[in-house]
S.K.: 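This structure is in structure tokens; I'll ask about it shortly.
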Amino acid sequence: MDLMGSLPIRERATIAGNIVNASPIGDMTIMLMALDAELELASDGAARRLPLRAIYLGYKTLDLRPGELVESIRFRRRPGLLFNFEKVSKRTFLDIASVNSAAAIRVENGVIVEAGLSAGGVAPVPLALEKTEKLLRGRAPDAETAWAAARSAAGEATPIDDVRGSADYKRLLLRQLVLAHFQVLFGLSGELVEVPA
Ligand SMILES: Cc1cc2nc3c(=O)[nH]c(=O)nc-3n(C[C@H](O)[C@H](O)[C@H](O)COP(=O)(O)OP(=O)(O)OC[C@H]3O[C@@H](n4cnc5c(N)ncnc54)[C@H](O)[C@@H]3O)c2cc1C
């Protein structure tokens with residue numbers, strides 16, 4: 001929590017505001033995207049549900065009708081689901097991310113059976129790394145998989161050069177954050193240090 005905004009911002013900001021603000025680097029948005037959250041939207045008595053992943057159509061462009069409000073946000077609780085969030089910003093505290101990423105992974109019998117992976121700051125919208133999620137399913141959570149996921153994620157990203165860093169730097173950050181998920185969730189460390197040829 002210390003990595004998100006400042007105390008006054010954390011006291012005032014809402015999660016629906018974070019989602020509808022549609023910043024490509026919203027922290028809660030990235031976490032909820034990895035958890036495959038669903039939005040309940042309502043306007044004038046009409047209600048509908050929409051996966052969070054489906055609401056972003058382009059930079060700051062949302063599939064939200066005039067007057068429609070986010071009434072609630074839900075995601076399924078899955079026993080055994082491991083979750084991690086990583087954020088790199090120019091200043092450690094009180095700063096918006098240069099790149100952030102979340103992972104929600106469930107392993108059964110030594111194999112990844114469920115994988116949610118998202119990243120912010122690497123595309124015009126908060127990005128669900130769907131190709132990398134697919135790549136992860138059915139594989140052991142080992143160093144080889146971590147490197148494959150890190151490279152795949154970097155390939156899915158389309159960052160731009162801006163005040164937070166060059167596109168190349170952000171791609172590198174994303175790769176490192178995906179490796180960090182594996183380090184935190186599966187206790188890998190030494191295996192992740194060396195870049196295989
Ligand atoms: C100094 C500072 C630091 C910040 N640091 C961070 C940070 O570290 N991480 C981060 O993610 N963000 C950060 N932010 C951005 C911002 O505070 C957050 O995105 C926050 O969650 C926005 O929530 P809000 O309730 O203030 O939304 P608002 O700014 O009030 O609203 C944003 C948009 O959402 C719409 N909206 C709000 N609620 C709903 C709803 N229920 N249904 C439909 N539309 C709605 C509003 O109409 C508006 O268009 C920071 C901002 C500042 C000023």
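Numbering of ligands and ligand atoms starts at 1, following listing order. This chain uses plain numbering: 1 for the first residue, then up along the sequence.
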S.K.: Thinking salt bridges, do Glu38 and Arg76 make one under a 4.0 Å N-O criterion?
M.R.: no
S.K.: Between Gly5, Ser72, Pro8, Ala42, flag the one that comes closest to atom 7 (C) of ligand 1 by a heavy atom.
M.R.: Gly5
S.K.: Within the 4.5 Å heavy-atom criterion, are Ser118 and Ile30 side-chain neighbours or not?
M.R.: yes
S.K.: Non-hydrogen atoms of Lys87 versus ligand 1: any pair closer than 4.0 Å?
M.R.: yes
S.K.: With heavy atoms of Met4 as the reference, note each atom of ligand 1 found under 4.0 Å away.
M.R.: 8 (O)
S.K.: Heavy-atom contact under 4.0 Å between Gly26 and ligand 1?
M.R.: yes
S.K.: Assess Thr29 for proximity to ligand 1: is some non-hydrogen atom of it under 4.0 Å away?
M.R.: no
S.K.: Check whether any protein heavy atom sits under 4.0 Å from atom 23 (O) of ligand 1.
M.R.: yes
S.K.: Just to be sure I'm reading this right: ignoring hydrogens, which of Ala97, Gly120, Ser23, Gly17 gets closest to atom 38 (N) of ligand 1? Compare them by their nearest heavy atoms.
M.R.: Gly17
S.K.: Would you mind checking if Lys131 and Glu133 are paired as a salt bridge, meaning a charged N to carboxylate O distance below 4.0 Å?
M.R.: no
S.K.: Could you list which atoms of ligand 1 come closer than 4.0 Å to a heavy atom of Ile96?
M.R.: 6 (C), 7 (C), 9 (N), 10 (C), 12 (N), 13 (C)
S.K.: Do Lys90 side-chain atoms and Val163 backbone N/O form a donor-acceptor pair below 3.5 Å?
M.R.: yes
S.K.: Under 4.0 Å from atom 47 (O) of ligand 1, do we find at least one protein heavy atom?
M.R.: no
S.K.: Report the nearest protein non-hydrogen atom to atom 21 (O) of ligand 1: residue, atom name, distance rounded to 0.1 Å.
M.R.: Thr14 O, 3.0 Å
S.K.: Which of these passes side-chain contact (heavy atoms from CB on, under 4.5 Å) with Pro126: Met28, Met33, Arg53?
M.R.: Met33
S.K.: My understanding is that we take every heavy atom of each candidate and find the minimum distance to atom 43 (C) of ligand 1. Doing that for Ile9, Val70, Leu62, which one comes out nearest?
M.R.: Val70
S.K.: Side chains of Val107 and Val113: closer than 4.5 Å at any heavy-atom pair?
M.R.: no
S.K.: So which protein heavy atom does atom 33 (C) of ligand 1 come closest to, and at what separation?
M.R.: Asn21 N, 3.9 Å
S.K.: Can you sort out which atoms of ligand 1 are near Asp95, meaning under 4.0 Å from one of its heavy atoms?
M.R.: 8 (O)
S.K.: Return yes or no for this condition: an N or O of Arg12 is under 3.5 Å from an N or O of ligand 1.
M.R.: no
S.K.: Just going by heavy-atom distances, which of Gly67, Ala16, Ser89 is nearest to atom 39 (C) of ligand 1?
M.R.: Ala16
S.K.: Flag the pair Asp27 and Arg10 as a salt bridge only when some basic side-chain nitrogen lies within less than 4.0 angstrom of an acidic carboxylate oxygen.
M.R.: no
S.K.: May I ask you to say whether Arg137 pairs ionically with Glu114, meaning some side-chain N is under 4.0 Å from a carboxylate O?
M.R.: no
S.K.: One thing to verify: whether Asp161 and Lys170 come together as a salt bridge, which I'm taking to mean a side-chain N less than 4.0 angstrom from a carboxylate O.
M.R.: no
S.K.: Does Asp27 reach ligand 1 with a nitrogen or oxygen that is under 3.5 Å from one of the ligand's nitrogen or oxygen atoms?
M.R.: yes
S.K.: With rounding to the nearest 0.5 Å, note down the distance linking CG in Leu174 to OH in Tyr169.
M.R.: 12.5 Å
S.K.: Is Arg48 paired with Glu40 through a side-chain N to carboxylate O contact shorter than 4.0 Å?
M.R.: no
S.K.: I'd like to check atom 28 (P) of ligand 1 in this structure: does the protein have a heavy atom lying under 4.0 Å from it?
M.R.: no
S.K.: Heavy-atom contacts under 4.0 Å between Ile19 and ligand 1: side chain, backbone, both, or neither?
M.R.: neither
S.K.: Is atom 2 (C) of ligand 1 in close reach of the protein, with a heavy atom under 4.0 Å away?
M.R.: yes
